Every structure is written in structure tokens, then in C-alpha cells.
Amino acid sequence: MKKIIVIVSLILFNQYQAKMIEDSAYIAHEAFDRFDFDDDCDACGCAAGNGSSGFESLLNPQFVGIKYFAQHYKAKENLFVKDLTQDQYFNTFQLWGKIPLTQKLSVYASLPFHFHEKQTLQGNIRINGIGDMNLMGIYQLMSSKDNFHHLSGGLGVKIPLGKFDEKGVSGVNPSFQLGTGSWDYQAALNYKFQKNKVAVLVNTDYTVKTENKKNYRFGNQWNYAAAGFYQVAGNGKSIFSVKTGVQGEVYAQNKQFDEALPNTAGSALYGKLGFEASYKKLSLGSEVMLPMYTHLAGGDIEAKSRFSIFLNIGI
């Protein structure tokens with residue numbers, strides 16, 4: 001089992017790692033008692049929002065861990081040509097955890113560190129630093145007597161710790177930032193069906209973004225996702241599971257001085273495939289996402305791929 005974990009994770013990491021400068025599939029009891037923001041980020045791959053704000057409980061519904069999340073986009077650098085020539089790479093390392101307060105109430109927190117690059121005719125541009133912190137309270141709203149159905153809700157806030165560069169919003173992708181510079185607010189719902197070795201997870205979340213001190217406001221964001229899970233192998237100490245599903249994102253227009261900005265809204269739909277392997281309290285997971293549909297920034301930006309890998313410790 002340990003060899004399977006190492007081999008699969010190395011293959012995925014080498015194939016999909018972004019150029020350097022948010023899953024659980026454990027099917028045992030409580031394994032999907034979780035939320036999942038599915039690596040949501042601001043429009044056009046913006047690490048300005050959350051980079052990788054998703055969270056999940058794995059072998060245990062409470063955990064602390066680290067996650068790497070990479071995104072690749074193509075953007076139109078020259079407005080006088082139709083070709084999308086500019087490569088943009090968004091990379092994030094994230095510390096995260098989910099800690100119980102009561103039997104039904106938990107607190108989730110994540111703190112990202114971003115390092116991004118975009119290629120221009122004038123040379124490569126790189127930014128790196130701490131991103132915006134996320135805090136959320138999660139409450140179990142319903143759990144059926146047969147334990148097959150679960151519904152949870154959450155409310156949270158994004159704390160603007162990341163740097164917002166006012167000059168950066170004038171580019172093709174105004175989301176090439178470390179942070180939004182604004183206090184943003186989140187609400188989420190998560191439904192899970194689980195029976196034997198199979199589980200289905202449906203979740204949605206909405207982020208309301210506010211105006212920052214530079215009079216700039218990123219558009220509100222809606223995420224939705226559905227995924228199926230299947231336990232392939234397992235014994236008393238280890239589990240290996242796979243998952244597949246879809247994820248969608250919709251972004252409203254950005255505003256500056258309360259004026260809507262053109263070519264800042266958009267939407268995208270991804271298909272995803274992943275796995276999780278767990279051994280005692282350790283959980284290792286990875287996921288690859290490829291676009292099924294993408295229309296970002298009025299077509300000036302195209303989503304290419306996403307990749308994530310995490311290592312968690314149950315508490």
C-alpha cells in the first residue's frame with residue numbers, strides 16, 4: 001500500500017506540476033463528513049482570492065495538513081492579435097486544519113503562500129508572498145438515522161493578509177495578485193450520500209467580495225461541484241480510494257469606483273479525477289482537473305489545467 005501511495009503521487013506530480021519561479025475518497029464512517037471548496041480561487045485563476053481555500057476531512061473528520069495547488073492559464077498578451085500567447089502559472093502552498101469545538105460544530109482555517117509567474121513580451125513577471133487567510137465555522141445541519149445522508153452548512157470570512165497591487169489590475173488578468181485587499185464573506189452547503197464503498201458528494205459555496213482601500217472590488221463568486229467516490233482497497237490500517245466528478249465556477253464583473261469593468265466576468269467547468277490513500281492517521285491525496293468549458297475575461301483568458309496534492313494528519 002505504501003508503494004502504491006508513493007508511485008501514484010509521484011506520477012501525478014511530475015505530469016501536472018505548474019512551472020515554478022482544493023480530495024478525500026476515504027469511504028469509512030465519517031470519511032466524507034466534510035466540506036470541499038474544490039480549490040476555488042478568484043476569476044481567471046486568481047490567487048488573489050483563496051488560491052486553494054478548499055478543505056476536507058480525510059481518515060479523520062478533524063485534521064491539520066499541508067497542500068500544494070497549481071493552475072495554468074493562457075492569456076491574450078497582445079490585444080491586436082487573436083492568439084492566447086501568455087502563459088500564467090499560479091502556485092500555492094497552504095497550511096490548513098479543521099478542529100472540532102463541539103460534536104456538531106467545527107472551525108476550519110487555511111493560510112496560503114503564493115508564488116506566481118506570467119510570461120510577457122517584456123520578460124517574465126513573478127510575485128510571491130503570503131495570501132489571504134480563511135476562517136469558517138462548520139455546523140452539521142442533518143444526519144439521517146441510517147447515516148446515509150448528511151447535510152452541513154458553513155459561514156466564513158477571508159482576512160486580507162495578502163498584498164494587493166493596484167497597478168496589477170490594469171493587465172489582462174487583474175487577478176494576478178497575492179490578495180484582494182478586501183474582507184470577503186463566504187457561505188456554503190454540503191450534501192453527502194454514503195453507503196458501503198460508494199459515496200456521492202454535492203457542494204456549493206458563494207463568496208461576497210467587498211471594496212478594498214484602493215476602491216477596487218473583485219466580482220462575487222459562485223462555485224459548485226459533484227463527485228463520486230469508490231473504495232478500491234483497504235484493511236484495518238490502510239485505505240485506497242478513487243474519485244471523479246465535475247466542478248463549475250461563475251464570476252461576476254469586477255468594479256472600480258463602483259463602475260463595472262469589461263472583460264472581468266466569466267465561468268468555467270472542469271472535469272476532475274483523483275485518489276486518496278490513508279495509513280492510520282496519515283492521508284495522502286491528489287487531484288487533476290481539466291477544463292470542459294472555459295470563458296474567462298471575455299475570452300481573453302483560457303483555463304488549461306489544475307493539479308493538487310495534500311498530506312494531512314488526523315487529530
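Bear in mind the structure is a predicted one, so any value in this text is a computation, not a measurement.
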So, Asn134 versus Trp96: side-chain donor-acceptor pair below 3.5 Å or not?
-> no

Would you say Val246 and Met292 make side-chain contact, with heavy atoms under 4.5 Å?
-> yes

For residues His149 and Asp146, is any side-chain donor paired with an opposing acceptor at under 3.5 Å?
-> no

Judged by atom type as modelled, is there a donor-acceptor pair below 3.5 Å linking the side chain of Ser144 to the main-chain atoms of Phe148?
-> yes

Distance-only polar pair, side chains of Asn173 and Gln88, donor-acceptor under 3.5 Å = yes

Student check: side-chain heavy atoms of Leu290 and Lys304 closer than 4.5 Å | no

Gln62 side chain reached by Ile99 side chain, heavy atoms, under 4.5 Å = no

Does any N or O in the side chain of Ser238 come within less than 3.5 Å of the main-chain N or O of Ala277, such that one atom is a donor and the other an acceptor?
-> no

Shortest non-hydrogen pair, Pro262 vs Gln253, comes out as CA-NE2, 4.0 Å

Test Val198 against Phe229 for side chain to side chain contact (heavy atoms under 4.5 Å, CB included), laying out the working first.
-> CA-CA 6 Å; Val198 176; Phe229 305 80; over 6 Å; no

Any side-chain heavy-atom pair of Tyr73 and Leu296 under 4.5 Å = yes

Row check, Phe93 ring normal vs Lys67 NZ/CZ: under 6.0 Å, within 45° = no

Of all the heavy-atom pairs spanning Ala109 and Leu135, show the shortest one and how long it is.
-> CB-CD2, 3.5 Å

Using the benzene-type ring in the case of Trp, are the ring centres of Tyr216 and Phe257 under 6.0 Å apart?
-> no

Do the side chain of Thr207 and the main chain of Tyr185 share a donor and acceptor less than 3.5 angstrom apart?
-> no

Without swapping roles, check the side chain of Thr204 against the backbone of Ala188 for a donor-acceptor pair under 3.5 Å.
-> no

Indicate the atoms forming the closest heavy-atom contact of Val208 with Arg217, along with that distance.
-> CG1-NH2, 4.5 Å

Evaluate side chain to side chain contact (heavy atoms under 4.5 Å, CB included) for Asn312 paired with Val64, printing each intermediate quantity in order.
-> CA-CA 6 Å; Asn312 286 355; Val64 292; over 6 Å; no

Passes side chain to side chain contact (heavy atoms under 4.5 Å, CB included), Tyr224 versus Leu269? Steps please.
-> CA-CA 9 Å; Tyr224 57 93; Leu269 179 66; 4.1 Å; yes

Correct closest heavy-atom pair for Gln177 and Asp165 would be OE1-N, 2.7 Å

Do Val157 and Ile138 sit in the same hydrophobic cluster, where Ile, Leu, Val, Met, Phe, Trp and Tyr count as joined when their side-chain heavy atoms come under 4.5 Å apart?
-> no

Gln247 vs Lys272 side-chain heavy atoms within contact, under 4.5 Å = yes

Is a side-chain donor or acceptor of Gln71 paired with a backbone partner of Tyr89 at a separation under 3.5 angstrom?
-> no

Say whether, by atom type as modelled, one donor and one acceptor occur between the side chain of Thr92 and the main chain of Phe113 under 3.5 angstrom.
-> no

Return yes if a side-chain donor-acceptor contact under 3.5 Å exists between Gln221 and Asn223, otherwise no.
-> yes

In the single-linkage hydrophobic clustering (I, L, V, M, F, W, Y; side-chain heavy atoms under 4.5 Å), do Tyr230 and Phe275 co-cluster?
-> yes

Ile239 with Val200, same ILVMFWY side-chain cluster at under 4.5 Å | no

Check whether any side-chain N or O of Ser267 sits under 3.5 Å from a backbone N or O of Val250 as a donor-acceptor pair, and report yes or no.
-> no

Check Ala227 against Lys243 and note the closest heavy-atom contact, atom names and distance.
-> CB-CE, 4.2 Å

Asn124 versus Glu117, side-chain donor and acceptor atoms under 3.5 Å = yes

Out of Thr120, Asp300, Ile301, which one pairs with Gln86 under the side-chain contact (heavy atoms from CB on, under 4.5 Å) rule?
-> Thr120

Validation row, ring centre Phe69 to ring centre Phe307 under 6.0 Å | no

Determine, step by step, whether Asn91 and His114 satisfy the side-chain hydrogen bond (donor to acceptor under 3.5 Å, both in side chains) criterion, reporting the C-alpha distance in whole Å, the side-chain angles of both residues, the deciding distance to 0.1 Å, and the verdict.
-> CA-CA 6 Å; Asn91 301 272; His114 305 302; over 6 Å; no

Answer with yes or no whether the hydrophobic clustering places Leu284 together with Val288; edges join I, L, V, M, F, W, Y residues whose side-chain heavy atoms lie under 4.5 Å apart.
-> yes

Same cluster for Phe193 and Leu151 if Ile/Leu/Val/Met/Phe/Trp/Tyr side chains link at under 4.5 Å?
-> yes

Does the Thr264 side chain pair with the main chain of Leu261, one donor and one acceptor, at a distance under 3.5 Å?
-> yes

Would a distance-only check, ignoring hydrogens and angles, find a side-chain to backbone donor-acceptor pair under 3.5 Å from Asn254 to Gly219?
-> yes

Can you establish whether the number of heavy atoms outside Lys74 located under 6.0 Å from its atom NZ is more than 12?
-> yes

Any donor-acceptor pair under 3.5 Å linking the side chain of Lys158 with the backbone of Ser182?
-> yes

State, to 0.1 Å, how close Tyr270 and Glu249 come at their nearest heavy-atom pair, and which atoms those are.
-> CE1-OE1, 4.0 Å

Given ring pair (Phe, Tyr, Trp, His ring centres under 6.0 Å), test Tyr68 with Phe310 step by step and report yes or no.
-> CA-CA 6 Å; Tyr68 169 71; Phe310 66 81; over 10 Å; no

Verdict with reasoning, Glu166 to Lys213, per side chain to side chain contact (heavy atoms under 4.5 Å, CB included) | CA-CA 10 Å; Glu166 188 176 9; Lys213 294 180 180 180; over 6 Å; no

Does Tyr251 have its ring centroid less than 6.0 Å away from the ring centroid of Trp222?
-> no

